[in-house]
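A short write-up of the structure that comes next.
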Amino acid sequence: MSFVRKPRPYSSGLPSAPVSAPRAPRVPKEKASRLQRPRGPRSSWAGAVTALAGLGALLVLVVGLSGLWNAVARDWQFRSAAAGVLDVVR
């Protein structure tokens with residue numbers, strides 16, 4: 001086995017294929033004036049994510065209001081029961 005480094009192919013720095021002539025710069029063509037029709041609303045991921053965020057916020061609001069209502073109702077029942085106990089004690 002030899003530890004001599006073997007030369008790489010194409011290591012001379014010259015390109016392996018013949019070089020073609022450079023292309024001429026492109027001249028932009030004038031676009032034909034087409035009738036621009038107005039586009040309707042397009043569905044996109046951003047719209048879907050926004051709608052889901054809105055529904056999530058609505059759900060949080062409904063659950064929060066429900067919990068608040070339950071707390072108020074429970075307090076009202078407790079005060080009513082306490083008033084009944086006080087009436088019995090008197």
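Because only heavy atoms are used, hydrogens play no part in the values below, and waters and symmetry mates are left out as well, while side chains stay in.
- Once rounded to the nearest 0.5 Å, the distance linking CG of N70 with CG of D75 reads 11.0 Å.
- When atom types are taken as modelled, the side chain of S80 and the backbone of W76 share no donor-acceptor pair closer than 3.5 angstrom.
- With rounding to the nearest 0.5 Å, the separation of CH2 in W45 from CG in L52 is 9.5 Å.
- Taking Ile, Leu, Val, Met, Phe, Trp and Tyr as hydrophobic and joining them when side-chain heavy atoms fall under 4.5 Å apart, one finds L61 in a cluster with L65.
- When hydrophobic residues (I, L, V, M, F, W, Y) are linked wherever their side-chain heavy atoms come within less than 4.5 Å, the members clustered with V63 are L59.
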